[in-house]
Amino acid sequence: MLLVTTILLITNCQKDDVDTDIPSKRAIFTSEQSQGNTIRVNSLLTFGDVSTGVISRTWSIPEGVANITESNESRIKPIFNRVGQHNVTLTQTFEESAFVNGVQRGARLDTTIVVTVLEPIKIDLRANYINPDGSLGAALNLSNNVENEVIASRSVRYTFDPVGLPQNIAWTPDGGDPDQVAGTMSQIDVAYKRIGVYDFKVIANTPRPFGGDTISFEKLIKVIPSTDPVTLGNVEGKRDGTLALEFSREMDETTINAGDFSITVENGTTIPATISSVSINPTEKNILNITLDGELIYIDDTVTVSYTAGALSTADGVQADSFTNVPMDSFEQSPNLLDAVTATTDSGFENSLSTDWIDGGFAFGTALDATLTVNNTRAHTGINSGLVTASANTNSVIYNQGKEFPFETGKTYQLGVWSYLESSIDRAATGFDPEFRYYFRDPGANLINYSISGPVIPFLSVPLNEWVFNSIIITTTASTAPKEIMIRFLNEGNNNDLRVYIDDLSVSEVVTRP
């Protein structure tokens, strides 16, 4: 804008003393040309004609679109009051054939600038109970202080149809799980597990062209006691060496007895493990933390936990049932090192193009027919993911060309990926199972180290149509650092085409059992 204004001022100050030696040249600017001339309705857009050698000009805007329909001025600032795409035309007459991008185009030129006028961002929120069978239930009353009653452990679906193309949507369903969601999702399901009364807020906005809307309610949700059975969900190992048990709703701290729990820890052999304490998480009271006596839990351990029914109850008085040998099914992730190294693989597919992901071939006999497309149809987080398609009985390696990760020799890393399998597996009689693997490529030697890893995703065991996390653990040697991270899609042994989204690739430094 400063550049445009300066040029216009210079042009206007000299208009009575035109240097006829300056060749005719078309030069047109808008204040939002870097944004594709996209604005909000009832906003102004500045147009500037700083061409040289102009004898006459006429700006034309369709009737009813803006407060200006025609002007001969070098600069105009129409306010657009109609949503849609509109053509703004500039007709110029020059002293001689005018240059456009270095080529003479004639003494009379017509230029059309397409302006996109967006409607205001608006959130038309809807909220419905989710029935125990997963179907959509009755609508909630969206008002302040209404305290819609939600039975503990039940869920509510919040949704709206985006109006005005918001780029950022931030949900804050207090007291729910999750309690914060940021991204582009216009629908979320929130489970309420803790007794209490909670507020709700959702914000949708776009920084440019600026616009936004906020919907918030005080005391929208009142979580009430439930007679539903209490169930154990995720069992997660923590980086501090404890184990977290996530129940379907808030537990009563006074009913916890560590003696009712038992644990087994194995890592090649059985590790002697005694529970020293079981405590409630102070901020998420549906989670119990198990601490061992003089021992820690590591990411490479095989852990199971059991409970013999005793006094343990929910905050609303429902007694927990016994469970036996429930396995640790996840481990708290360390920071993703891919996010901290700007020169490395685009882990979330937010900053790369499909052409950045190369089919690197494969050393063994099957056909090479796999592609990775950066896609915004489905994402685990953010906007984009990588959509992999591979024909039946094919085998390919794909990598982000030129992006190296600085693995340190002798350190142990967890390599992880989130995947969403969209096609079923029809196994052929070859003995090979379709799978996903990580490999590493030495850019200098142009060689692939095929021995570094085992399967990350054995597709036969991956459920359809849901995001799941899989990982492997490796300890690097001198031959593996630094390298390009490669992704192998083995669709050998599958009679169907493979179609899978992947997102949020991760490399995290971890500590394994000494």
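Treat the numbers as computed from the prediction; the structure is a model and nothing was measured.
Residues Leu232 and Tyr307 form no side-chain contact, since every pair of their non-hydrogen atoms from C-beta on lies 4.5 Å or further apart. Ile473 has its side chain within reach of Thr512: a pair of non-hydrogen atoms, C-beta onward, lies under 4.5 Å apart. At least one side-chain heavy atom of Met328 sits less than 4.5 Å from a side-chain heavy atom of Leu243. Looking at Glu408 and Tyr413, their side chains come closer than 4.5 Å, going by heavy atoms from C-beta outward. Residues Phe247 and Arg249 form no side-chain contact, since every pair of their non-hydrogen atoms from C-beta on lies 4.5 Å or further apart. Leu464 places a side-chain heavy atom less than 4.5 Å from the side chain of Ser424. Counting only heavy atoms from C-beta outward, the side chains of Leu220 and Asn148 approach each other to under 4.5 Å.
Put simply, the side chain of Ser248 gets close to the backbone of Thr231: a donor and an acceptor are under 3.5 Å apart. Remark: the backbone N or O of Phe160 is not paired with any side-chain donor or acceptor of Asp124 at under 3.5 angstrom. Asp199 places a side-chain N or O within donor-acceptor distance of the main-chain N or O of Lys219, the cut-off being under 3.5 Å. Panel note: side chain Thr206, backbone Leu165; a donor-acceptor pair is recorded below 3.5 Å. Gln180 places no side-chain N or O within 3.5 Å of a backbone atom of Thr172 that could act as its donor or acceptor partner. Put simply, the side chain of Glu509 never gets that close to the backbone of Thr412: no donor and acceptor are under 3.5 Å apart. Within the 3.5 Å criterion, the main-chain N or O of Val374 finds a donor-acceptor partner in the side chain of Ser354. Judged purely by atom type and a 3.5 angstrom limit, Ser276 uses its side chain to pair as donor or acceptor with the backbone of Thr291. With Arg40 contributing its side chain and Gly164 its backbone, the two residues share a donor-acceptor pair below 3.5 Å.
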- Could you check Ser330 against Asn234 for side chain to side chain donor-acceptor pair (under 3.5 Å), going step by step and ending with a plain yes or no? CA-CA 8 Å; Ser330 64; Asn234 189 39; 3.2 Å; yes
- Could you give me the CA-CA distance, side-chain angles and deciding distance for Asp213 and Lys122, then say whether salt bridge (Lys or Arg N to Asp or Glu O under 4.0 Å) is met? CA-CA 6 Å; Asp213 192 16; Lys122 181 175 175 56; 5.3 Å; no
- Criterion side chain to side chain donor-acceptor pair (under 3.5 Å) on Asp504 and Thr381, from CA distance to verdict: CA-CA 7 Å; Asp504 295 329; Thr381 61; 2.9 Å; yes
- Message: One pair to check against side chain to side chain donor-acceptor pair (under 3.5 Å): Ser419 and Trp467. What are the steps and the verdict?
- Response: CA-CA 5 Å; Ser419 68; Trp467 286 103; over 6 Å; no
- Run the salt bridge (Lys or Arg N to Asp or Glu O under 4.0 Å) check on Asp228 and Arg154 step by step: do they pass? CA-CA 9 Å; Asp228 292 345; Arg154 301 283 180 90; 2.8 Å; yes
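A distance of 6.0 Å or more separates the ring centres of Trp418 and Tyr501. Tyr298 has its ring centre no less than 6.0 Å from the ring centre of Phe331.
Side chain to side chain, Ser306 and Thr324 fail the donor-acceptor criterion of an N or O pair below 3.5 Å. A side-chain N or O of Thr116 and one of Gln85 form a donor-acceptor pair less than 3.5 Å apart. A donor-acceptor pair shorter than 3.5 Å can be found between the side chains of Asp300 and Asn267.
Shown are Ser471, Ser334, Ser508, Ser506; of these, the side chain to side chain donor-acceptor pair (under 3.5 Å) with Gln414 is made only by Ser471. Shown are Glu284, Glu246, Glu250; of these, the side chain to side chain donor-acceptor pair (under 3.5 Å) with Lys193 is made only by Glu246.
Taking every heavy atom of both residues into account, Ile425 and Asn496 meet most closely at C-ND2, 4.3 Å. Closest approach of Pro327 to Val235, counting heavy atoms only: O-CB, 3.5 Å. Closest of all the heavy-atom pairs between Glu350 and Ile383 is OE2-N, 3.1 Å. When all heavy atoms of Val181 and Ile188 are compared, the closest pair comes out as CG1-CG2, 4.2 Å. Between Thr255 and Ser313, the shortest heavy-atom contact is OG1-N, 3.0 Å. Residues Arg499 and Ser423 approach most closely at N-OG, 2.9 Å, considering heavy atoms.
When the shell of 6.0 Å around NZ of Lys201 is examined, it contains 12 or fewer heavy atoms from other residues, nucleotides or ligands.
Within the structure, salt bridge (Lys or Arg N to Asp or Glu O under 4.0 Å) contacts touching residues 372-399 (residues at least two apart or in different chains) are Arg378-Glu422.
Not a single ring-ring contact (aromatic ring centres under 6.0 Å, His included) links Tyr192 to another residue, sequence neighbours left out.
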